[in-house]
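Both counts, for ligands and for their atoms, begin at 1 and track the order of listing.
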Amino acid sequence: MRPATKSISKKNLAHNLSVLSSLAPDSKTIAVVKANAYGCEITQVCDALDKADLFAVAEIGEAMKIRQAGSEKPILLLEGVFEENELPIAYAENFEPVIATFTQLQWLLDFPDDFPRVWFKLDTGMGRLGFQPHNADEAMQELLNRYTEENIVIMTHFSDADSPNRQKTLKQIDAFDAFASHYPLCEQSLSASSGILAYPDAHRDYIRPGISLYGVSPFDGNYGEDHDLKPVMTLKTAVLSVKHFKKDEPIGYGQTYRMETDGIIAVCAIGYADGYLRFIPSGTPILINGNEYKVVGRVSMDMITVLVDENIKVGDEVICWGEDLPIERIADKADTIAYQLLTTVTERPRKEIS
Ligand SMILES: *Cc1c(COP(=O)(O)O)cnc(C)c1O
């Protein structure tokens with residue numbers, strides 16, 4: 001059997017949830033599990049997130065999978081419903097909609113039943129979803145025709161909370177408070193991972209950790225370990241072939257890499273069709289038998305080539321990221337973010353949940 005495997009640690013996931021919740025002891029915790037729990041197999045890890053107060057996903061299909069896996073927890077729909085006819089399903093299944101547009105607001109007001117809780121999205125500077133300060137009061141007044149403040153959570157999202165420069169986020173918090181002060185009985189939710197770690201004043205009633213739950217630091221140059229977080233996904237495989245090459249011999253598609261000296265190349269069974277993305281460059285670290293080597297040459301669909309030494313043999317274990325090799329290092333080399341690496345692992349690797 002092909003050895004490429006996506007291995008998920010429920011123990012580390014539960015650990016991360018507990019670390020994040022204890023950073024905000026007076027807040028409830030919404031475990032953000034959109035995109036299949038950032039690639040970490042939501043239907044198989046629900047129980048490890050049992051201590052969360054809610055789940056949050058991007059759409060009803062994701063929420064339905066959680067129900068089918070047997071969880072009864074309330075589920076926040078982060079972008080609300082996409083069509084009016086999703087509201088009855090959301091209501092029946094205890095999914096809680098975000099209201100971010102006048103269209104969604106009208107659908108909600110036309111819907112005969114009352115949700116136990118709805119989430120009012122304010123755009124404080126992200127420039128994406130949500131009511132802007134100039135028309136948010138108008139939207140809130142309409143909502144208050146049907147719902148009481150006690151049933152409404154005002155939420156916003158930061159655009160720059162991972163930056164060392166705090167100005168933009170502090171301005172967003174001020175804009176949030178200026179609006180929310182008109183509705184003192186509404187609960188509040190502002191912070192995703194970077195907000196949770198960098199802005200304790202923005203913890204408020206509900207925190208919304210995503211990437212940090214999976215053991216990844218949201219800050220450039222930091223690692224999950226710096227926040228006592230542990231990696232949840234390990235992408236691993238094995239060595240398929242070991243061969244000796246002479247100085248200047250080419251390796252892989254396009255002959256983009258040439259041996260700098262005589263040396264040894266291990267071919268490993270992982271490629272871009274598994275989610276080890278093609279733009280991961282020569283020089284990216286990889287672990288074989290716990291020792292660090294470098295990927296060289298182009299990533300192929302099913303294989304990569306690694307510059308190794310005489311210690312490496314066919315069948316040896318290869319770790320692309322995860323346990324003992326922080327995914328942040330791979331993301332940094334590939335000029336992307338760990339969010340993308342986690343969420344683009346495909347269905348092909350075997351899954352190992354422990
Ligand atoms: C995805 C998302 C989160 C989680 O963000 P992380 O940076 O992964 O912690 C929180 N809130 C909203 C609205 C989101 O869309």
Novice: Would one find an N or O of S212, backbone or side chain, under 3.5 Å from an N or O of ligand 1?
Specialist: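 N/O-N/O distance below 3.5 Å does not exist for this pair.
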Novice: Does D53 come within less than 4.0 Å of K73, counting only side-chain N to carboxylate O?
Specialist: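 A salt bridge is absent here (no side-chain N lies under 4.0 Å from a carboxylate O).
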Novice: Considering only the protein, which heavy-atom contact is closest to atom 9 (O) of ligand 1, and what is its distance?
Specialist: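 That would be S193 OG, 2.5 Å.
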Novice: Given that the side chain starts at C-beta and the backbone is N, CA, C, O, which of these parts of R208 lies under 4.0 Å from ligand 1, counting heavy atoms, or is it both or neither?
Specialist: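 Both backbone and side chain of R208 come within 4.0 Å of ligand 1.
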Novice: May I ask you to check whether R128 has an N/O atom sitting below 3.5 Å from an N/O atom of ligand 1?
Specialist: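 Not met; the criterion fails.
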Novice: Is the NZ or CZ atom of R166 both under 6.0 Å from the centre of the six-membered ring of Y199 and within 45° of that ring's axis?
Specialist: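 Cation-pi check for R166 and Y199: passes.
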Novice: I'd like the name of whichever of Y214, Y339, Y206 reaches closest to atom 7 (O) of ligand 1 through any heavy atom.
Specialist: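 The nearest heavy atom belongs to Y339.
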Novice: Starting from atom 4 (C) of ligand 1, locate the nearest protein heavy atom and write down its residue, its atom name and how far away it is, to 0.1 Å.
Specialist: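 That would be Y38 OH, 3.4 Å.
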Novice: Just to confirm my output: which protein heavy-atom neighbour is closest to atom 3 (C) of ligand 1, and how far is it?
Specialist: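 The closest heavy atom on the protein side is K34 NZ, 3.8 Å.
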Novice: Begin from the C-alpha positions of K230 and E225 and carry the test salt bridge (Lys or Arg N to Asp or Glu O under 4.0 Å) through to its verdict.
Specialist: CA-CA 6 Å; K230 298 180 178 172; E225 200 181 9; over 6 Å; no
Novice: Any Lys/Arg nitrogen of D123 or R128 sitting under 4.0 Å from an Asp/Glu carboxylate oxygen of the other?
Specialist: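 Judged by the 4.0 Å cut-off on N to carboxylate O distance, D123 and R128 do not form a salt bridge.
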Novice: Could you label the plane-to-plane angle of the Y38 and Y339 rings as parallel, tilted or perpendicular, counting under 30° as parallel and over 60° as perpendicular?
Specialist: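 Rings of Y38 and Y339: tilted, 30 to 60°.
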Novice: What's the shortest heavy-atom distance between P74 and E96, and which atoms?
Specialist: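 Heavy-atom minimum between the residues: CB-OE2, 3.5 Å.
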Novice: Decide whether an N or O pair under 3.5 Å exists between K121 and ligand 1.
Specialist: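 No, there is no polar N/O contact under 3.5 Å.
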Novice: Answer yes or no: is there an ion pair linking K6 with E41, defined by an N-O contact shorter than 4.0 Å?
Specialist: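 Yes, K6 and E41 are salt-bridged.
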Novice: Tell me the contacting part of I211 for ligand 1: side chain, backbone, both, or neither, using a 4.0 Å heavy-atom threshold, strictly below.
Specialist: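 The part of I211 near ligand 1 is both the backbone and the side chain.
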Novice: Give yes if a backbone or side-chain nitrogen or oxygen of G210 is under 3.5 Å from a nitrogen or oxygen of ligand 1, and no if not.
Specialist: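 Yes; the residue has a nitrogen or oxygen that sits under 3.5 Å from a nitrogen or oxygen of the ligand.
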Novice: Taking the six-membered ring for Trp, are W321 and Y276 parallel (under 30°), tilted (30 to 60°) or perpendicular (over 60°)?
Specialist: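 Parallel, since the angle between the ring planes stays under 30°.
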Novice: Among all protein heavy atoms, pick the one closest to atom 12 (C) of ligand 1 and tell me residue, atom and distance.
Specialist: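 The protein heavy atom lying closest is H157 CE1, 3.5 Å.
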Novice: For atom 5 (O) of ligand 1, what is the closest protein heavy atom, and at what distance to 0.1 Å?
Specialist: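 Of every protein heavy atom, A192 CB, 3.4 Å lies nearest to atom 5 (O) of ligand 1.
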